[in-house]
Amino acid sequence: MITEILWWFFAIAIVGTAAGVVFSRSVVHAAIFLILSLAGVGGLYIFLTVEFVALVQFLIYGGAVTVLILLALMMTRLDATGAPDKLTGPQAPFGALVGITLLLTLVGVSLATAWPGDVDDLPTNITIEQIGDVMFTSYGAPFIIASALLLVAFIGAIVFAKQEDEV
Amino acid sequence: MIPLENYLVLSGILFSLGVYGVLSRRNAVLVLMSVELMLNAVSINFIAFSAYLDVTQITGVIFAIFVVAVAAAEIGLALAIVLRIFRNRSSINIDEAAELKW
Amino acid sequence: MSAEWAWLLAVIPACAFIVLALFGRSLPRQGDWLGVLTVTSILGLLIAIFTKTFGAKLPMLNAVEWTSIGDFSLSHGIAIDWITLIMLPVIIIVALMVNIFSIGYMRGEPRYSWYFAVLQLFVASMLLLVLADNLLLLYIAWELVGVCSFLLIGFYWEKRSAVEAAKKAFITTRVGDVGLLIGIILLWKATGTFNIHELISYVEHGELGGTTLFVSMLFIFLGAMGKSAQLPFHVWLPDAMEGPTPVSALIHAATMVVAGVYLVARLLPMFEAAGGMMLIITLVGLATAIYSGIVAFAQTDIKKVLAYSTVSQLGFMFVALGVGGIGAGMFHLFTHAFFKALLFLGAGSVILGTHHHQEMRNLGGLLRKMPITGITFAIGSLALMGLFPLAGFWSKETILSAVDYGPGSWAFILISIASIMTAFYTVRLFLRTFTGEPQDAAVAEKTHESSLIMTGPLIVLAIFSVFAGFFIFTDFSKAFGLPGGISELIYLHYPKHFSVHWDLVGYSMALVVIGTFFGVWFYWRGSTERSTKLAEWQPAIYHMIQRKFFFDELYQFVINRIILGISYVVSWFDRYVVNDTGVDGSGELTKYSGFVLKHLQTGKVPNYALAIVVGIIMLSLITLVLRG
C-alpha cells in the first residue's frame, strides 16, 4: 500500500516537473525542473527493481548532463541590458495540438493493447549480476562501439567548443 | 500493485510534454532539455517492458543503458554546437538560424 | 587465294580511300598513282578468284556472325555466284580505265587527290554491294555508293548547277532508297533473315508469298528504280552529268546505275513469285526505254544524249529481267558497261580537246582533229546501236529472244521501236559531233587530240566493246573462267543454251539499219537542215520533247506547292505545339512550380520538427486504422 502511494507521488512529481521544464518562463527554472524530473525518473527505476540503472540515471543525468546544461546556459546568457528573448516561439499552438494528439494516441494504444502474460505485478527482481552477465556476453560489441562513440563525441565537442583563434 | 499500463501512460505523458517542448521552444538549450525528457520517457518504457515481460533477456534494460550513453554523447556535442552558434550570432534562437535555404 | 579472301576486294580500295583522304595532298603527284595501283591490285585478286571459281560449285558463301541478340542473330558475309562474277570484272575493269583516264582528264583540277579518294571509296562500296550476301549489308553499300555519287556529282561545288544536281540526285534516289529499306524490313519481319539465299529458298518452298511478298518486292523495286533511274525517278541522271566526265562513265553509266538491275536480278526468283511484279518491271522498263529514247532525239549536249541513252539501255535491261531473261539482262549490263563507259570517256576526251565545249552546235568535224577519239567513239556507237558482231549486238539479241518468249507481241514491238531509237540517236550524236564542217571556227582551231593516258583507256575499252559480246558463247567464256557462260541462263525457268537464230539476227540488223537510215538521212555530214525543218513543222511536240515531257516542271510544282505546304503545317505544329508547348512548357511548369513550392522550405528547425512529428503521428494512426 505504501508502495502505491509512493509511486503515485513520484509519478505526479515527474509529470509536474516535466511540465515545468516545457512551460517555465525562465531558463534557469527550466533547468532546475529538469534536474528534479530526471531524478524522479531515477526513483521510478527503483520501483522497477533496476537499481543499477537508477544509479546511472542519478550520476549521468542528474550530475553530468544537468551540469553541462547549466554551464551552457551560463555561457550563452546575453547582457543584462538587452531585453530577454521570448522563450516560446509562434509555433506553440501547433505544438500543443500535436502533443495532445500524440498523448491521446499513446495512452489509447497503451490501454487498448492486450499485453501478453501477467502484467499486474512484477514477476521477479532484476539483479545487477544479471545485467552485467547479459551486457558482457550478448552485448559485448555494442558496448565497445558505444565507448568509441563517446570518445568521438568527446573529441568533437572539444573541437566545436574551442575558440576560433585557438585552433 | 502497480500494473504495466501505469508506466506506459506515464511515459506517454512525459514523451508528449517533450514533443511539445521541442516544437514550441525557441531557445536551443530548452529544446535540448525537452529532447532529454523524450529520451527519458523512452527509457521508462523500455525498462517497464523489460521488467514485466522479459525478465530473463532484459533487453530493455540494456537498451536503456545504451540510451543513457548515447544521450550523454548527444548532449555534449549539441551543447558544443550551441556554443559555436552563440559565438557566431550572439543568439541561440533556433528559428533565426535559417540561412541554409534556397 | 580463294573465295574466302574475296572481301579483300572491298577492303583494299577502302584503305586506299582512307590513305588518300588523309594524306593525299602530301603524296607525290597527289596520290593519283595510288588509285591506279589499288584497282590494278584488285584486278589481280579478281583473276586469282576466277581461277578458283573455275569449275567450282556456285554460289560460294563465306559469312561471319556479326552480332546476336536473343533469338536474333545477324551475320555478314560475302556470296559469289555467277551474277557477282559478271559484276566484278565490269566494276574493276571500268574503274581501272577511269582511274587512268582521270589522271589526264583531271590534271590541274582543284581537290585532285580528293577526287581520287572518293573514286576509291566508290569502288570499295560498289564491290561490297555486289559481294554482300545479305540485304542489310547490301543496303549499307547501296547508301555508300549513293554518297559517293553525291560527292562526285557535286565535285565542282563552286558551280551552283552542280550543287543543285547533287542534291537532286541524292533526294530523288532517297525516295527509292526508303522504299528499299521498307522492303528489306518487311521481308525480315516475315522471315527473320536478311540473307538473300535463305530468302530465295523461303520463296521457293512457298513459305513466303502472297500479299506480303508482293508489297515487299514492290518497295524493293522502288529502290531499284531510284538507283537505276527508271521512270519516274529518271530525272536525276541527266543532271548528274554536272560531275566530272570520267565519273559519269564509271558511276552514271557502267556501275552504280546498274545496281538496280543487279538487285532485281539477284532477287528475280522472289520477283517472279510475287504476282504481277514481273509485268510491272517489264512495263517500267519499256516506258523508260521509249521515253528516254525520244528525249535523247532533242538533246544538244553530248553528255545529256549519252545520259538519256543510259537511261534507255537500263530500261532494256529491266525489260529483259521482267520477261524472266535474267541472263539477257545481266549480259546487256555487262556489254553496256564497256561501250557506254567508252562513249562517256570519249565525250570526256572531246570536252577536254575542245576546251570545255560539249554542245553539239559548237562541235562538228572532230574526226580529223581527234582521230583516235573519233574512231573509238565510232566503235562504241556501233556497239551501242547493236551492229553485228559487236558487243551490243549479242546482248540486244539475247534480250530480243527473251522478249520473244515474253508476255506478248506488244512488248516485242515496243522493244523493237526502242531499238530503232537507239540507232537513231546514236547516229545523230556521232554525225553531228565528228563529221561535217566545224560549227564554230574558234573552237575547231584550238581542238587537239588527247594524250596517250586518255586515249589508252579508250582503245582498251574499244577492244572490250568489240569482243565482250563473245562471252555469250560457252567456249569463249569458259576460256576466261566464267563457268558455264552466260548463255545457259538466258531464261529463268527454262535454262536454254544460246544459239544463233539467223532470222532474229536479220530482224535485229533490220532494226539497226532502219534507225541508221533515218539518222543518216537527217544528219548526213552533221547537217541539221532537215531536222530543223521537222522541228519547225511541229514546234509544240519538239518543245515538249526538248523539255523532257515537263517532268522537272511537274516535280518542281509538286515540291513547291504540295510538299512545302505540308511542311509548313508540320513545322508550325512542331514549333508551336511540340516545342513551345510540349518541351518548353514542361520545363516552364517545373521551373514555376519550383518557384512556388520553394517557399515551403522555411529553413527554420521547429517547422521541420513539426512536419516530422505530424508525419509520424499520421503514419501511426494510419497503421492503427489499417490493423483495426
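Keep in mind that the numbers below use all heavy atoms, side chains included, and drop hydrogens, waters and symmetry copies. In what follows, chains carry the letters A, B, and so on, assigned in the order in which the sequence lines appear, proteins first and then strands, with residues in each chain numbered from 1.
Interface remark: Phe66(B) contributes side-chain atoms only to the contact with chain A (heavy atom separation under 4.5 Å). Looking at Leu17(B), the atoms closer than 4.5 Å to chain A (heavy atoms on both sides) sit in the backbone and in the side chain alike. In this structure, the portion of Tyr61(A) lying under 4.5 Å from any heavy atom of chain B is its side chain and not its backbone. Residue Phe49(B) touches chain A through its side chain alone, counting heavy-atom pairs closer than 4.5 Å. Looking at Val29(B), the atoms closer than 4.5 Å to chain A (heavy atoms on both sides) all sit in the side chain, from C-beta outward. Of the atoms belonging to Leu14(B), it is side-chain heavy atoms, and not backbone ones, that fall under 4.5 Å from chain A. Residue Ile13(B) touches chain A through both its backbone and its side chain, counting heavy-atom pairs closer than 4.5 Å. For Leu34(A), the part sitting under 4.5 Å from any heavy atom of chain B is the side chain, from C-beta outward, and nothing else. Using a 4.5 Å cut-off between heavy atoms, Ser24(A) contacts chain B through both its backbone and its side chain. Within the 4.5 angstrom heavy-atom criterion, only side-chain atoms of Ile126(A), from C-beta onward, approach chain B. Only the side chain of Ile60(A) comes within contact range of chain B, with heavy atoms under 4.5 Å apart. Using a 4.5 Å cut-off between heavy atoms, Thr88(A) touches chain B through backbone and side chain atoms alike. Only the side chain of Ile58(B) has a heavy atom closer than 4.5 Å to any heavy atom of chain A. With a threshold of 4.5 angstrom between heavy atoms, Ile65(B) approaches chain A through side-chain atoms but not through N, CA, C or O. Contacts of Ser43(B) with chain A are made by both backbone and side-chain atoms, with heavy-atom separations under 4.5 Å. Interface remark: Pro93(A) contributes no atoms to any contact with chain B (heavy atom separation under 4.5 Å).
Shortest non-hydrogen contact noted between Ala30(A) and Leu30(B) is CB-CD2, 3.4 Å. The two atoms that bring Arg84(B) and Val159(A) nearest to each other are NH2-O, 4.2 Å, heavy atoms only. When all heavy atoms of Ala153(A) and Leu77(B) are compared, the pair lying nearest together is O-CD1, 3.7 Å. Closest approach of Arg87(B) to Lys162(A), counting heavy atoms only: NH1-O, 2.8 Å. Closest approach of Val22(A) and Gly21(B) over heavy atoms only: CG1-CA, 3.6 Å. When every heavy atom of Leu68(A) is checked against every heavy atom of Gly76(B), the shortest pair comes out as CD1-CA, 3.9 Å.
Comparing Gly18(B), Gly12(B), Ala64(B) by how many heavy-atom pairs each has under 4.5 Å with chain A, the most go to Gly12(B). Of the listed residues (Phe154(A), Trp8(A), Phe23(A)), the one with the most heavy-atom contacts under 4.5 Å to chain B is Phe23(A). Interface summary for chain B: among Ala146(A), Ala96(A), Ala64(A), the most heavy-atom pairs under 4.5 angstrom belong to Ala96(A). Interface summary for chain B: among Val98(A), Val21(A), Asp133(A), the most heavy-atom pairs under 4.5 angstrom belong to Val21(A). Residue with the most contacts toward chain A among Ala73(B), Ser16(B), Ala80(B), Pro3(B): Ser16(B) (heavy-atom pairs, distance under 4.5 Å). Ranked by heavy-atom pairs shorter than 4.5 Å toward chain B, the options Pro116(A), Ser138(A), Gly99(A), Ser110(A) are led by Ser110(A). With chain B as the partner, the residue from Leu97(A), Val109(A), Val53(A), Val152(A) showing the most heavy-atom pairs under 4.5 Å is Val53(A). Highest contact tally toward chain A, considering only Val61(B), Leu32(B), Ile62(B), is held by Ile62(B) [criterion: heavy-atom pairs under 4.5 Å]. With respect to chain B, the highest number of heavy-atom pairs below 4.5 Å among Leu149(A), Ile131(A), Thr3(A), Val56(A) belongs to Ile131(A).
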*Tell me, with the steps shown, if Trp115(A) and Leu8(B) meet side chain to side chain contact (heavy atoms under 4.5 Å, CB included).*
CA-CA 12 Å; Trp115(A) 302 108; Leu8(B) 298 185; 3.3 Å; yes

*For the pair Leu102(A) and Phe15(B), evaluate side chain to side chain contact (heavy atoms under 4.5 Å, CB included) and give the outcome as yes or no after the intermediate values.*
CA-CA 9 Å; Leu102(A) 190 63; Phe15(B) 191 80; 3.7 Å; yes

*Going through the distances and angles, do Leu73(A) and Met33(B) end up as a side chain to side chain contact (heavy atoms under 4.5 Å, CB included)?*
CA-CA 11 Å; Leu73(A) 283 177; Met33(B) 290 185 199; 3.9 Å; yes

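At distances below 3.5 Å, not a single donor-acceptor pair connects side-chain atoms of Arg26(B) with backbone N or O atoms of Pro90(A). With hydrogens and angles disregarded, a donor-acceptor distance shorter than 3.5 Å links the side chain of Gln91(A) to the backbone of Leu23(B).
The distance from atom CG of Leu79(B) to atom CZ of Phe160(A), rounded to the nearest 0.5 Å, is 12.5 Å. Rounding to the nearest 0.5 angstrom, the gap separating the CZ atom in Phe63(B) from the OH atom in Tyr139(A) is 8.5 Å. Once rounded to the nearest 0.5 Å, the distance linking CD of Gln130(A) with CD of Gln57(B) reads 9.5 Å.
A side chain to side chain contact (heavy atoms under 4.5 Å, CB included) with Leu10(B) is found for one member of Ile12(A), Val41(A), Val15(A) and no other, namely Val15(A).
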